[in-house]
Asks: 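Dropping the structure in here first, questions after.
Every number for a ligand or one of its atoms is a count from 1 in the order of the listing.
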Amino acid sequence: MQKRNLGRVLAAVLLATVTHANAQDAAAIGEEIYEQHCQSCHGEKLRSAGAIPDLRDLGANDREKFDKMVMEGRGQMPAWQGVVSPLELDQLWAYVRSRAR
Ligand code: HEC
C-alpha cells in the first residue's frame, strides 16, 4: 500500500472510532439525565411498569415526536422546556435509541 493511502485509511479508522465513542458517551450521559428526570415515571432502564408509555417502543423516525413531547409535555407528562437543554435532549434521545426494542 502506498504511504498516502495508508494515511487515508488510518484517518478513516480514527474518525469511525471517535464517532462511535461519541455516540456511546452521549447515551451514557443520557442515561444519567433519564435517571434524574424521567425514571420515576417511565421506569428503571426505560422499562415502564405499564400505564406510562415505554420509551423503548419509540422508532428511529420518532425524534420529532420525542422532542415535542419532552419540551411541551402532555397531560401527566411534564414539560421540560428550560430544564432539559438541546444538548441534553440529544443525549436523552441517544440513550432511548440505544435501548430500542
Ligand atoms: C410525572 C411523570 C413523568 C415524568 C417525570 C416524565 N414523563 Fe414522559 N410521559 C408521562 C406520561 C403520563 C406520558 C403519556 C402522556 C400522554 O400521552 O398523555 C408520557 C409520555 C412521554 C413521551 C411520549 C411517548 C409516546 O410514545 O407517546 C415521551 C417521549 C416522554 N414521555 C419522554 C419523557 C422524558 C424524556 C422524560 C424525562 C426528561 C419524561 N418523559 C418524564 C409521564 C412522565
Asks: Would you say CZ of Arg101 has more than 12 non-hydrogen atoms from neighbouring residues, nucleotides or ligands within 6.0 angstrom?
Replies: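 Yes, the 6.0 Å shell around CZ holds more than 12 heavy atoms from other groups.
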Asks: Do the side chain of Glu31 and the main chain of Ala28 share a donor and acceptor less than 3.5 angstrom apart?
Replies: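 Here the side-chain-to-backbone pair does not exist.
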Asks: Do any N/O atoms on Arg74 end up under 3.5 angstrom from N/O atoms on ligand 1?
Replies: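 In this structure, Arg74 places an N or O atom under 3.5 Å from an N or O of ligand 1.
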Asks: Name the option, out of Lys68, Met77, Arg56, that contains the heavy atom nearest to atom 11 (C) of ligand 1.
Replies: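 Selected option, by shortest heavy-atom distance: Met77.
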Asks: Please classify the Asp57 to ligand 1 contact at 4.0 Å (heavy-atom distances, strictly less than): side chain, backbone, both or neither.
Replies: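 Under 4.0 Å from ligand 1, Asp57 contributes no heavy atoms.
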Asks: Just to be sure I read this right, does ligand 1 sit under 4.0 Å from the backbone of Pro78, its side chain, both, or neither, counting only heavy atoms?
Replies: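 The answer is the side chain of Pro78.
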Asks: Would you say Arg97's side chain and Leu58's backbone share a donor-acceptor pair under 3.5 angstrom?
Replies: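 Present.
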Asks: Is Arg99 reaching over with its side chain to a backbone N or O of Lys45, donor-acceptor style, under 3.5 angstrom?
Replies: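 It does hold such a pair.
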Asks: Give me the nearest non-hydrogen protein atom to atom 37 (C) of ligand 1 as residue plus atom name, then the distance to 0.1 Å.
Replies: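 Closest protein heavy atom to atom 37 (C) of ligand 1: Cys38 SG, 1.9 Å.
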Asks: Give a yes or no on whether a salt bridge exists between Arg47 and Asp54, defined as a side-chain N under 4.0 angstrom from a carboxylate O.
Replies: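 No, no charged N to carboxylate O under 4.0 Å.
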Asks: So, are Asp62 and Lys68 salt-bridged, with charged N and O less than 4.0 Å apart?
Replies: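 Judged by the 4.0 Å cut-off on N to carboxylate O distance, Asp62 and Lys68 do not form a salt bridge.
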Asks: Below 4.0 angstrom from a heavy atom of Val70, which ligand 1 atoms are there? Numbered from 1 as shown, please.
Replies: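 That gives atoms 32 (C), 35 (C) of ligand 1.
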Asks: Just wondering, is there an N, O or S atom on Cys41 that's nearer than 2.8 Å to atom 8 (Fe) of ligand 1?
Replies: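 For Cys41, the answer is no, given that no N, O or S atom comes within less than 2.8 Å of atom 8 (Fe) of ligand 1.
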Asks: Does CD in Glu44 sit with more than 12 non-hydrogen atoms of other residues, nucleotides or ligands closer than 6.0 Å?
Replies: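 Open: at most 12 neighbouring heavy atoms sit under 6.0 Å from CD of Glu44.
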Asks: Measure the spacing between CD1 of Ile29 and CD of Gln24 and express it to the nearest 0.5 Å.
Replies: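 Answer rounded to 0.5 Å: 12.0 Å.
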Asks: Can you report which non-hydrogen protein atom sits closest to atom 12 (C) of ligand 1, along with the distance?
Replies: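 Checked against all protein heavy atoms, atom 12 (C) of ligand 1 sits closest to Gln76 CB, 3.5 Å.
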Asks: At what distance is the nearest protein heavy atom to atom 29 (C) of ligand 1, and which residue and atom is it?
Replies: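 Looking at atom 29 (C) of ligand 1, the protein heavy atom closest to it is Phe66 CD1, 3.5 Å.
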Asks: Which residue owns the protein heavy atom closest to atom 27 (O) of ligand 1, what's the atom, and how far is it?
Replies: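 Ranked first by proximity to atom 27 (O) of ligand 1 is Lys65 CE, 3.4 Å.
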Asks: Does Gly75 come within less than 4.0 Å of ligand 1, judged by its heavy atoms?
Replies: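 Outside the 4.0 Å threshold, so no.
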Asks: Can you check whether His37 has an N/O within less than 3.5 Å of an N/O in ligand 1?
Replies: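 There is no such contact.
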Asks: Quick one: look at Pro53 and ligand 1, take heavy-atom pairs under 4.0 Å, and tell me if it's side chain, backbone, both or neither.
Replies: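 The side chain, only.
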Asks: Report yes or no: does Tyr34 contribute a side-chain atom to a donor-acceptor pair with the main-chain N or O of His42 at less than 3.5 Å?
Replies: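 Judged by distance alone, yes, a pair lies under 3.5 Å.
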Asks: Nearest to atom 21 (C) of ligand 1, what protein heavy atom do you find, and at what distance?
Replies: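 Sorting protein heavy atoms by distance from atom 21 (C) of ligand 1 puts His42 CE1, 3.5 Å first.
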Asks: Looking at atom 8 (Fe) of ligand 1, is there an N, O or S atom belonging to Met69 that lies under 2.8 Å away from it?
Replies: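 Looking at Met69, which is the residue asked about, there is no N, O or S atom under 2.8 Å from atom 8 (Fe) of ligand 1.
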Asks: Closer than 3.5 angstrom, by distance alone: can the side chain of Asp67 be matched with the main-chain N or O of Glu64 as a donor-acceptor pair?
Replies: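 Not a single qualifying donor-acceptor pair exists.
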